[in-house]
Amino acid sequence: MAELRYNAITIEAKWRQRWAETGLYKRVQDPDRPKHYALTMLPYTSGDLHIGHWYAMAPSDARARYMRMKGYNVWFPPGFDAFGLPAENAAIRKGIHPFKWTMDNVEHMRTQLRAMGAMWDWDHEAVTCLPEYYRWTQWFFLKFYEHGLAYRAAGTVDFCPNCNTTLAREQVWGEDRHCERCGTPVMKKDLEQWYFRITDYAQQLLDDMAKIDWPERVLAMQQNWIGRSEGAHVVFHSELGDEIPIYTTRPDTLWGASFMVLAPEHPLVTRLTTPEQRADVEAYRLAASRQSEIERLSTEKVKTGVFIGAYAVNPVNRERIPIWIADYVLMAYGTGAIMGVPSHDERDFDFALKFGLPILPVIDRIDGLAKSLVLCDSVAPAFATGLTEAGLAFEQAGPFLQVTLQGAEQIDRYVSLVRQSLRPGYWVDVVGARWLFIFDDSVMPFDSFAADRTILARCQDLVRDQAADFGAVINASTTMEMLYSVEWYRDALYHAEYGDMINSGHFTGTLGATAKATVTAWLEEQGLGHHEVNYRMHDWLISRQRYWGAPIPMVYCDACGVVPVPYDDLPVVLPEDAEFMPTGESPLKYHEGFLNTTCPQCGGPARRETDTMDTFMCSSWYHYAYVTPYHQGDTPWNVKEGQYWLPVDQYTGGIEHATMHLLYTRFFTKVLRDLGMVDFDEPMRRLFCQGMILGEDNEKMSKSRGNVVNPDDYVSTLGADSVRAFLMFIGPWELGGSWSSTGIEGINRFINRVWNVVVDAPEMTVNEPATPEQIRELRRWTHQTIREVTADFESFKFNTALAAMMKFNNNLVKAKQTAIYGTPAWQEAVSTLVLLMAPITPHVSEELWERLGQPYSVHQQRWPEHDEELAKDDEITLIVQVNGRVRARLEVPAEIGEQEACDLAMVQPNVSRSLEGVQIRKVIFVPGKLLNIVAR
RNA sequence: GCCGAAGUGGCGGAACGGUAUACGCGGUGGUCUCAAAAACCAUUGGAUGUUGAUCCUUGUGGGUUCGAAUCCCACCUUCGGCACCA
């Protein structure tokens, strides 16, 4: 029964049923058409499809529909990320088994997903918690193990006390290091855990970024996370002969190393610590280990550390340097030991100053800046005049002159001037681009650790009887500390630039641009070290001490050790009769039936691994699973079908997975490639990340704030099409935006207006025929709209696509009351509008398409193409400016030439008035746009 | 501190070298109605002005250009990521 008014609810139910009956969205293998695998990140089975899911999925669906109309063979499958903690927590709290809880949620979410009217291909849905699915997840684990990519190791791991499980590093968020899922601050724990060697692929993960069309911000975050650095591995030795390898990105600063720092948990610490220092060292190590257990809330980074009593030898200059431990050196990065070069590393600088360790500059400043502070009493009265005459800049500051020098020539001039004027018993220092101490009898360069000591001693001698005034000198333990007491000097004492090498034996003078490479080559030649690339990224910790995950298919046998479960015995099934502890401890640990097994190798008694896998493991390969869900053959999916459909062409999802899912799945695909299972390097060719949908109050939606929007409420009143369209209209998809309950009514009004334009008869009939101008104008609107909407769909700009359609419809509302109604041009306009809307509002478009008498289905139609000739403007508004200010707007033919435009412009009263008393200098004419008369 | 994104009417946003504020929301006035809602029509950045019109306005300050929201430099604010990574 055809209704006269737009009734979203009946229309939407009707068409969803029809689409399902006719299998409109079923996948078709068609080698003659270009395929397009469109995918949106699979939802977690939380039980309710919230507005965030709609915001992620509806535009993704619209884009897939657009591609379909463009002629692609499009496949858009759904699925569920079904393992994870909430299911288990529900089991503990409500006594429902995780399986039941999860599958009930899946059932409910399927209904909600259907209401969206998306082009889901339900035949290829996959649910990751089903044994038929996780059998393959386990299969991948065994493959990884077989190829040395899965290993078990003891180490300090992040542990969430609330979730009662370990977490991968990337699942620890924020300054307070809280659990990504529940927000509880994590703890450190020492445990044996399973890891994947993602670091083996660090370089490829960086290099292959060039092969994918992904948002820059995602690639930047991944780059940041991987944290590649280039430097040298250098072996230092303790005085007793122990090797202490270090990693440095600045081998060119080796000659400035004045101490070593080991991480408190470094294995050599116990051995190297001298008996006198042992108590202090142990106390510090204990404090450090406890500190990492306590929340690291204090961001104040005051350096702490303890001297362990031992010394090392700097391999490049044989300098004897003390060995310290300090918590600013991390065991997990590099070798867990560093050389301290305080003159060119900020952290080492702070550390050395605090503990009185020597600081020797070994890299020249690149800005040539030098400073000198002169006590007026220490020089002849004419000194200031001399400075002025020599053209040297200075400022008077109390009893001091602050001299700022630029470049070698100025410094030389300054030094000779000081030498002439210096009174006996005083000295003047120069810092920065040159390091000199000018005494009454000599100039001492600060160019070695020995000079550091000599200079300080001499200065202290000179002021010994004025200790009250020169406390900073008397109390200093290094020359640099003495200099640091002068606040004005501070910015000239330390830098981290790549400058020319100084004070570095025969390398002195090596240019900054080549220093690093030159020194590294020499280290290799001398057998002291070698070039090394380091990554900040860690291996992926996949063990979870929970029940609701895919069991790690490994067995521990007293005789054979760690033994993998044979492929034929997969899946290792989760026992159904598990008993859930209120503590959240994994019931697998206490389940005798699960725990006890026989060793696949020797047949003797053995115990199963009770840890399950991180759920990111399941989502790393789900886009392959969709090809043939729960595949029964020897491979996780049907290879032949995969060859046609893989890889994913367009992926969409939230940015929050930038360094988790999106990194893991890239790693997974590279491994699959190396296993010969796929022949491409990257799982998703193109990625688009949407922003976040916020509540009406512009805040993140949360139950506690009470600003949560339930899509079902709107779907049942205004219809899914209105919800879809409004979400796409809010703003640019990648930026997110806030919900608006009045905004969605505006969209609903728009759909109503379209309905009225298409379905209703005009209020009055016009008897005379339409003029060619009217026809031309209408067709121009039509083709301009096609042009704009197409461009917008290409770049995911759904908001402006909708704006263009609204504008077009507003024009149609007016045109309908004219003679144009019912003409072929009118038919073209109306059916074009319906076609353009089809991806965004699939239900009402289908209904209107039918009412236009067109064949089923609108979603199988070709996307309209615009005709450039028809889209062209005949008349334009020519902007006439005088000196860049708009003085007139002229309706003129689009093809108007400069001379004609000029003639027309000059006679405009507003223009001629502005030109009174000035001379025209220049005329700028932009065809079809504007005329700017430049006059003075 | 480092990396990335963004600052435009009352609000969401559009334009990304050439008419700033498209489109929508909200507001105001009107039509319809006994009335209201809905719908429809008109109007809506600010200031000055009787009119014609003029001036101001895209976070701030400079610059380039005939012309800058748009390009360049410096800064401020907000959001996201990383952060003692040697």
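Here is the naming used below: chain letters follow the sequence lines, and residue numbers restart at 1 for every chain.
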Among rA86(B), rC25(B), rC41(B), the one nearest R753(A) by side-chain distance: rC41(B)
Residue whose nearest RNA chain B nucleotide is more 5′ - F729(A) or Q881(A): Q881(A)
K807(A) vs rC23(B): side-chain N/O to OP1/OP2 distance below 4.0 Å: no
Pairwise C1' distance, rU21(B) and rG29(B) [rounded to whole Å]: 23 Å
Closest to the W225(A) side chain, choosing from rA86(B), rG26(B), rC82(B): rC82(B)
Touch class at under 4.0 angstrom, heavy-atom based, for L930(A) against every strand present: base
Return a table of donor-acceptor pairs under 3.5 angstrom between the side chains of residues 652-663 of chain A and protein atoms on other chains or two or more places apart.
residue: T652(A); atom: OG1; partner: S60(A); partner atom: OG; Å: 2.8
residue: H661(A); atom: NE2; partner: Y651(A); partner atom: OH; Å: 2.7

Sugar-phosphate, base or nothing in reach of P732(A), heavy atoms under 4.0 Å: sugar-phosphate
Donor on one side chain, acceptor on other, E788(A) and T800(A), under 3.5 Å: no
S258(A) vs L360(A) side-chain heavy atoms within contact, under 4.5 Å: no
Distance test, side-chain N/O of R885(A) to OP1/OP2 of rA53(B), below 4.0 Å: no
Straight-line distance of N809(A) CG to M806(A) CE, nearest 0.5 Å: 9.5 Å
Length of the line joining I879(A):CD1 and rG67(B):P, which is rounded to integer Å: 17 Å
Candidate nucleotides rA14(B), rG81(B), rA86(B), ranked by approach to the side chain of N799(A) - the nearest: rA14(B)
Atom C1', compared across rC75(B) and rG24(B): separation rounded to whole Å: 35 Å
Most 5' of K814(A) and N534(A) on RNA chain B, judged by nearest nucleotide: K814(A)
Sugar-phosphate, base or nothing in reach of G746(A), heavy atoms under 4.0 Å: sugar-phosphate
Atom C1', compared across rG59(B) and rC55(B): separation rounded to whole Å: 22 Å
Short side-chain N/O contact from R749(A) to OP1 or OP2 of rG26(B), under 4.0 Å: yes
Sugar-phosphate only, base, or nothing, as touched by S229(A) at under 4.0 Å among non-hydrogen atoms: sugar-phosphate
C1'-based separation of rG27(B) from rG17(B) [nearest Å]: 35 Å
R921(A) vs rG67(B): side-chain N/O to OP1/OP2 distance below 4.0 Å: no
Presence of salt bridge, D345(A) and R250(A), under 4.0 angstrom: no
Presence of K797(A) side-chain N/O under 4.0 Å of rA15(B) phosphate oxygens OP1/OP2: yes
Anti or syn - rG59(B), cut at 90° from 0: anti
C1' gap between rG46(B) and rC40(B), integer Å: 30 Å
Presence of R887(A) side-chain N/O under 4.0 Å of rC55(B) phosphate oxygens OP1/OP2: yes
Under 4.0 angstrom between R536(A) side-chain N/O and rA86(B) OP1 or OP2: no
Sugar-phosphate only, base, or nothing, as touched by R217(A) at under 4.0 Å among non-hydrogen atoms: sugar-phosphate
Of the listed nucleotides rC3(B), rC66(B), rA14(B), the one nearest the side chain of I924(A): rC66(B)
rG30(B) and rA35(B), which share atom name P, separated by this distance in whole Å: 13 Å
Check: P245(A) main-chain N/O paired with H233(A) side-chain donor or acceptor under 3.5 Å: no
Short side-chain N/O contact from N910(A) to OP1 or OP2 of rU54(B), under 4.0 Å: yes
Touch class at under 4.0 angstrom, heavy-atom based, for R228(A) against every strand present: nothing
Residues D539(A), R169(A): salt bridge by 4.0 Å N-O rule: no
Sugar-phosphate, base or nothing in reach of V341(A), heavy atoms under 4.0 Å: nothing
Touch class at under 4.0 angstrom, heavy-atom based, for N810(A) against every strand present: sugar-phosphate
